[in-house]
Structure formats: structure tokens, C-alpha cells
Amino acid sequence: MFASCEAERERTGKPAGQGVPQVPPFGLHALWRAYRACRKGKRSSRDTQAYEASLLNKLVHSRDALASRSWRPSRTYSFVVSRPKLREIHAAPFADRVVHHVLVERLARLYEPVFVHDSYANRLNKGTHAAVDRLQGFMRQASAGGTQTAYALQLDIANFFNSIHRPTLFRLLQHRLSRAVRGGKLASDEAAALQTHCRALLTVDPTVGVRRRGSARIFEQVPPHKRLGAQGAGVGLPIGNLTSQFFANVYLNELDQFVKHQLKARWYVRYVDDFVLLHTDPAQLQVWRGQIVAFLAERLGLRLKALAEPHALQQGTDFLGYVTRPFYRLARRRVVKRLQTCLRGFERLHVRGHAIELPPVAREALRAQLSSYTAHLRHADSQRLWQRTQARHPWLAQLFALSKHSPRLQAVRWSPREVSNLVDQHAYFAARYPSTCILMQVGKNWMLAGPCPVGLPKGRTVQRPSLGPCTEWPLAALPLLRQCLKLRGMAHQVVSQTGHFKTGFKQRTLTAVWFSASAVNSLSRPSFLFTPPPSKA
């Protein structure tokens, strides 16, 4: 069905690899780089740790399979995500993901000179923020700095990944490999190997033997047109693989070339299957829309979602999480709503007017989510939104060092920022909430500086430098200690030991703080959460 790269070399009569450096494309060094890139942010996963346990053997096995052209994809894992919508994800095993990185790295060298500048998905230094910046720059150009009316047409391909015709995609890849061989940019042997591995990726049905993670009920909730297995033979790419993201760019590069060279559209930005065209004449945008619909149907077997109409730039374009206008942009309402839902959920479970609980898992999840949202908001005009958020959730200032003028988490406040010893850490938490008892973990015990208060279980008295006499209890006594302190109405902190600094000092973090309701009511401020944090440890 498909002509091989060796046949192309024989047809052109050009010696194999003429003018091409003979560097092993699938050697151990390339696989090592791919492994390093693949493990970022995933070293704690079981699949990654199993791979690292026999790292050299895994790398050698992949090298031999690629070199002999016998590599085949393994069974995938499937699970369902619910945000922003129900979607079926197919994740390859870690060993396959390493191979995916190698293949994409090599193919990208051939395609980067071909891709248009304004394609922004899965490319180096071309992410969502760069795409929005580019769109806003185009808006200013199209409107002549806001002095004339211009229009935007935003289009989106319906069910894109599940609609990609894999034989058509393979023909596009094969054509590019053949041209690279003819142009002396790629050795014929390497082109044939890349062709073989791409064929293996695109001919194997990823739904065969899939291992599902999650209940059958949630898989049944995914709409049929969103299920990869319901698309028919040879149709659909699994969402979740690096190769699928790269192949999406290869597939829609045909659309990019058509828009730029056939339609001659000057202002065009695409991110995966979402793209925007600008023009001063809305009628021209409508003409282009009809031509794009015909091109997608005839050449790529794709269709658009409900046809959008051109709108004035002053109305704003909802693109990649922002509502963008020529001279400012706002975060999408859905993003703001999710941020507030995240904060309210944490507040409901862990924050009271007189107490706050900081379980490590919930605390780190909040930090990760809030870091993501603030990074998104920083690229929008969101100063007033951020100030309203801090006013609505004043406890945020107790957990994080926040900027008043821009969404930014400067540091966490549940642990000293600087490396410090036991005495310095005790002083930090004492300054954070004055007049509280500090139950601090020291090894296998809880320590309370000073003599044992009346009403608490009798503990062991020890003498600690700079702290004086301290009372200690075993770790298992914490629930009883807290119950006794609450019954006596004694404000207290729980500071747990969570690891070590790089210098060897033990690191401790605040996991709970509690005030009696009567003590809170007697304060001039409505809640202890308004207590200003100390300026330094």
C-alpha cells in the first residue's frame, strides 16, 4: 500500500545517507535523553520506579528492538478524566513513552522547518501563553491600534483526535520522510526505520487489550463519540501520548499550509484543533469558513463544530482560557469558577473560624492547584480579581506569602523559609501565633516547651539547650493531648516533622492550629486567621 523509503532511494539513485551525518538515531544516548525527559514530574509513580529498577536492561532492550525494527507498542492503560469534560485517556507504559520521546525528537527535526510559525501546540517555546500573546498582537495589527473595526472568526474541529484517519496520517509522514531522503537531510536506512516504527504506532489498535483504571460506570458515562473504540478501524489517535500530540500537528499542518498559502490569511493562530482568523471584513471570514469546511472534509475527513460567526474584536475572543481583546485580556469565567470551587472546598474541610487543619496531602494539593491558577492569572489583567479572592479567603495569607498586586505565591508559611535548627523553628512558630502551646515533633516524641500544663497526661521532662525544661510524650499520645488541650480551652499548634533540609537539619511544618471559640470571640478581630505573620523567622 505504501512505497518504502528504500524504494524511493532506488528510484532517485542517490546513495544512502549522502551528506547526512551517520549518528545512530536510536542509540543508548538518545534513549537516555528520552528517559530523562520522560521521568520529569513522574519519578514517584510505580511505573517509573519499576523501569528505573532495571534501567540499563530496559534501555538496551528498547535500543535493540528499535535497531532491528521489531519494536511494537505495548498494551495501554485507560482512564477517564472529567475536566473540562468527560474524556477517555489512553496512557502508554513508561517504556513505550521513552520510545515515543525518541521518535518525536527525530521527526521534529524534519517537521519544524515545515510547520508554520503560528502553530503553537507541542512545540518548543510555543505554548498557550505564547499563542494568546500572538493573537493579541494580531488583534492590534488588524484594528490598526484600535482605530478601525476588525473581526475574529474562531473555529474548532469536532472530536478531533477521535476523527484522525490513521492511513492518511501515515501517508503524510511517509511523504515527508521520502522528501527528506531526496533532499539529503536523512539517511535512507534511518528513514526506513522511522517509517516502520510509525507504521507500528498507527496500525496497532490501542483499544485491544487495554487495561482500564476506574469503575466501569464512569467509562459508560463517556459519550459514544468520545470513545476511541467506537470510531471504526483505522480512525482515531489515543489521547495522552506524546506521539499523538505530535501527529496532530503533522495532520493539521495541511490545514495550516492551506490557510496561509491558498487562502492567504495574514492573521491566523492555531493551537491543536482550536484556531482563530482575523480580518477587517466579516464577509471574507465567512468565505474562508466555507472553504475551510470543504478542505477539512475532502482532504482530512474532519468537520467543524457548530459554525461560528465572525464577531468584533471588542467583544473579546474566548481562546485558551482567556477572553482576549486588543489591549487587555481576562481569565475565562470557567477558570475563575474552578479557582473559587477549589478554595471553598479546602475551606469547608479544613478551615474554621477558630482552627485550621493542614493534612500534608491536602496542603500539597492546595499548593499545586493554587500555583497552577496563579500562573494562569498572571498572564491576564487580574489584579482586582486577585484582591477580591484574598479578601474572600483571608486564611490564604496564613498559608502563603502572597503578592497584593499580582497573583503570585512567594513562599509557604507553614514552614520556616530559611534552614534552621530546632530552636529557630520553635521561635518561628511561636511568633506566628503568640500565646499558643506548641506541640512539636522531635524524633519519636511530641515536645512541649516548659513544664507540663495542668490537665495533660504526665510526660517525660527533658532539658533542651535554649528551650529549658520541656515535656515529651510518645507520638501515639497526640489525639489525647489535643483533646485535653481543647477541653481546657488552650490554644495550640501541632508542628510535625516532615523530612530533612539538604544541610541535615530536620524540617518541620505546621499541620494544625486551634483556638477556643471564646478566645476568638474576645479578640478585636473576627478570627485568628487575620493575625499578621511575622516578618522573618
Original post:
Just wondering, do Leu349 and Glu357 contact through their side chains at under 4.5 Å, heavy atoms?
Top reply: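 No. Closest side-chain heavy atoms not under 4.5 Å.
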**OP:** Could you tell me whether the side chain of Leu277 reaches within less than 4.5 Å of the side chain of Trp267, counting heavy atoms only?
**Re:**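 Trp267 does not reach Leu277 side chain to side chain.
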[X] versus [Y], closest heavy-atom pair with distance:
| X | Y | answer |
| --- | --- | --- |
| Asp273 | Leu252 | CA-CD1, 4.1 Å |
| Cys198 | Leu107 | SG-CD1, 3.8 Å |
| Asn122 | Phe246 | ND2-N, 3.4 Å |
| Ala331 | Leu377 | CB-CD2, 3.6 Å |
| Gln148 | Ala142 | NE2-O, 2.9 Å |
| Val269 | Ala131 | CG1-O, 4.0 Å |

Just checking, any donor-acceptor pair under 3.5 angstrom between side chains of [X] and [Y]?
| X | Y | value |
| --- | --- | --- |
| Gln245 | Asn249 | no |
| Thr389 | Gln340 | yes |
| Ser163 | Arg303 | no |
| Tyr151 | Glu309 | no |
| Arg329 | Gln136 | yes |
| Tyr35 | His101 | no |
| Tyr268 | Asp256 | yes |
| Thr324 | Thr317 | no |
| Gln315 | His311 | no |
| His129 | Tyr322 | yes |

Report the distance from atom [atom1] of [X] to atom [atom2] of [Y], rounding to the nearest 0.5 Å.
| X | Y | atom1 | atom2 | answer |
| --- | --- | --- | --- | --- |
| Asp281 | Gln286 | CG | CD | 9.0 Å |
| His90 | Thr207 | NE2 | OG1 | 7.0 Å |
| Glu254 | Leu302 | CD | CG | 11.5 Å |
| Tyr120 | Arg270 | OH | CZ | 11.5 Å |

Answer yes or no: does atom [atom1] of [X] have more than 12 heavy-atom neighbours from other residues, nucleotides or ligands under 6.0 Å?
| X | atom1 | value |
| --- | --- | --- |
| Arg109 | CZ | yes |
| His261 | NE2 | yes |
| Arg33 | CZ | yes |

I'd like to know if the side chain of [X] and the backbone of [Y] have a donor-acceptor N/O pair within less than 3.5 Å.
| X | Y | answer |
| --- | --- | --- |
| Arg97 | Asn241 | no |
| Ser372 | Ala368 | no |
| Ser415 | Arg508 | yes |
| Glu88 | Ser78 | no |
| Gln257 | Gln262 | no |

**OP:** Might you work through the salt bridge (charged side-chain N to carboxylate O under 4.0 Å, His left out) test for Glu364 and Arg367, ending with a clear yes or no?
**Re:** CA-CA 5 Å; Glu364 295 304 323; Arg367 173 163 61 175; 2.5 Å; yes
Original post:
Excluding sequence neighbours, so at least two apart, what forms side-chain contact (heavy atoms from CB on, under 4.5 Å) with Pro326?
Top reply: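 Counting only residues at least two positions away or on another chain, Pro326 forms a side-chain contact (heavy atoms from CB on, under 4.5 Å) with Met139, Arg140, Ser143, Leu313.
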Original post:
For the side chain to side chain contact (heavy atoms under 4.5 Å, CB included) test, which of Val222, Ile239, Asn162, Val80 pairs with Arg87?
Top reply: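 It is Ile239, the one option of Val222, Ile239, Asn162, Val80 that forms the side chain to side chain contact (heavy atoms under 4.5 Å, CB included) with Arg87.
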**OP:** Apply side chain to side chain contact (heavy atoms under 4.5 Å, CB included) to the pair Thr511 and Val495, showing each step before the final yes or no.
**Re:** CA-CA 6 Å; Thr511 56; Val495 180; over 6 Å; no
Original post:
Quick one: does NZ or CZ of Arg212 land under 6.0 Å from the six-membered ring centre of Phe219, within 45 degrees of the ring axis?
Top reply: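 Yes, Arg212 and Phe219 form such a contact.
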Subject >> Arg213 NZ/CZ over Tyr77 ring centroid, <6.0 Å and within 45° of normal >> reply: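 Here Arg213 passes the 6.0 Å and 45° test against Tyr77.
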**OP:** Can you spot which of Lys42, Arg39, Arg46 makes a salt bridge (Lys or Arg N to Asp or Glu O under 4.0 Å) with Glu52?
**Re:**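 Of all the options given, the one that passes is Arg39.
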Salt-bridged, [X] to [Y], with N to O below 4.0 Å?
| X | Y | answer |
| --- | --- | --- |
| Asp118 | Lys126 | no |
| Arg344 | Glu347 | no |
| Arg36 | Glu105 | no |

Subject >> Aromatic centroids of Phe258 and Phe295 separated by under 6.0 Å >> reply: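 Close enough - the centres of the two rings lie under 6.0 Å apart.
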